[in-house]
Amino acid sequence: MQILDGKLLSEQIKAELAIEVDQLKLEGKKVPHLVAVLVGDNPASEVYVSNKIRSCEQTGFRSTLIRRNADISQVALLQIVHDLNNDPEIDGFIVQLPLPKHINEEKITLAIDPKKDVDGFHPVNFGRMAQGLPAFLPATPYGILEILRRNNIETAGKHCVVVGRSNIVGTPISILLSRKGFDCTVTLTHSRTKDLAGEVRRADIIVAAIGIPNFIKGDWVKEGAVVIDVGINRIVDTTKKSGFKLVGDVDFDAVAPKCSYITPVPGGVGAMTVTALLMNTMKANQKEIYS
Ligand code: GUN
């Protein structure tokens, strides 16, 4: 069994991006500029956004954090999005989710110019991705593809079972793995799937993205399977100073001995997600997706 080290891979990719940034500077060109909009004080969002800003600093990207109180009106937030869409100094931006209940997340996402949508959440990017056209890919699926690609994991003709059908992970990774280049045969499973354990048992590649701690059990996994664990779940751990620890959607101790490769939590897919956002921001800067 081999651990797929997302942290190490993300450091490698960030080092590659930093070289590209240095080259842009040498040529007197603008470095990539990412803006993050953070509304309210959700603790998980605070952590995610500060990781994004820190990763920008590490790689030499410009970054700007726009913070607003949770009581900002939808109109005022839409105005911020509009201004960012029209600011030529900004290559890409994200509005961190979740947003307060009085704000319609769909409206905000739809207001983002697809050319600056480095989260890949806008339906234009989703549609382009589904048709195999150049698109900003959502960060987590993009990170998973890079883990598979850069570890030379064979995907063609393999049976991939995705557990969970969210718009930002399960559904897009199902589409991406089934497309030319990855060529998997994909089964997308969810809460209404009959005999979920039986479906997972047939998988050569398992992508677990259901958001339930330790959900995938040891006896659900075929010998030699590749296991990609997308879950980041906090569970109580009184031995930790913080009072919690992070676990994935896969029962790691029971599953790891059976598989050929597995991503750990933390240090697997999660570590790659921020790096994927930086890769998208570099693509926005280079006008690689939209000219
Ligand atoms: N909330 C949790 N993950 C994400 C993400 O990737 N992007 C944004 N904008 N919000 C999130």
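Whatever order the structure lists them in is the order used to number ligands and atoms, beginning at 1. Quick caveat: nothing in here was measured; it's all calculated off a predicted structure.
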Notebook entry, point to check: Under 4.0 angstrom from ligand 1, any heavy atom of E105?
Noted result: no
Item checked: Non-neighbouring partners of D237 that pass side chain to side chain contact (heavy atoms under 4.5 Å, CB included), sequence neighbours left out -> T239, K240, K245
Notebook entry, point to check: Does a side-chain N-to-carboxylate-O contact under 4.0 Å join E146 and R149?
Noted result: yes
Next item on the list: Just let me know how V95 lines up against ligand 1, side chain, backbone, both or neither, with a heavy-atom cut-off below 4.0 Å.
Entry: backbone
Next item on the list: Among residues two or more places apart or on two chains, list those pairs meeting side-chain hydrogen bond (donor to acceptor under 3.5 Å, both in side chains) that have a residue in residues 116-125.
Entry: D117-N125, N125-Y290
Notebook entry, point to check: Can E16 and Q12 be counted as having a side-chain donor-acceptor contact under 3.5 angstrom?
Noted result: no
Checklist line | ligand 1 versus D119: contacting region, heavy-atom distance under 4.0 Å | finding: side chain
Notebook entry, point to check: Between the candidates V274, I108, L97, which shows the shortest non-hydrogen contact distance to atom 1 (N) of ligand 1?
Noted result: L97
Check: Numbering the atoms of ligand 1 from 1, which are under 4.0 Å from a heavy atom of Q96?
Finding: 1 (N), 2 (C), 4 (C), 8 (C), 9 (N), 10 (N), 11 (C)
Check: With only distance considered, is I94 within less than 3.5 Å of ligand 1 through an N or O on each side?
Finding: no
Next item on the list: Pull out every atom of ligand 1 sitting under 4.0 Å from any heavy atom of F121, numbered as shown with elements.
Entry: 5 (C), 6 (O), 7 (N), 8 (C), 9 (N)
Next item on the list: Any chance you could measure C160, atom SG, to D183, atom CG, to the nearest 0.5 Å?
Entry: 12.5 Å
Margin query: Check whether T263 reaches the backbone of D229 with its side chain - one donor and one acceptor, N or O, closer than 3.5 Å.
Written below: yes
Next item on the list: Pull out every atom of ligand 1 sitting under 4.0 Å from any heavy atom of K52, numbered as shown with elements.
Entry: 5 (C), 7 (N)
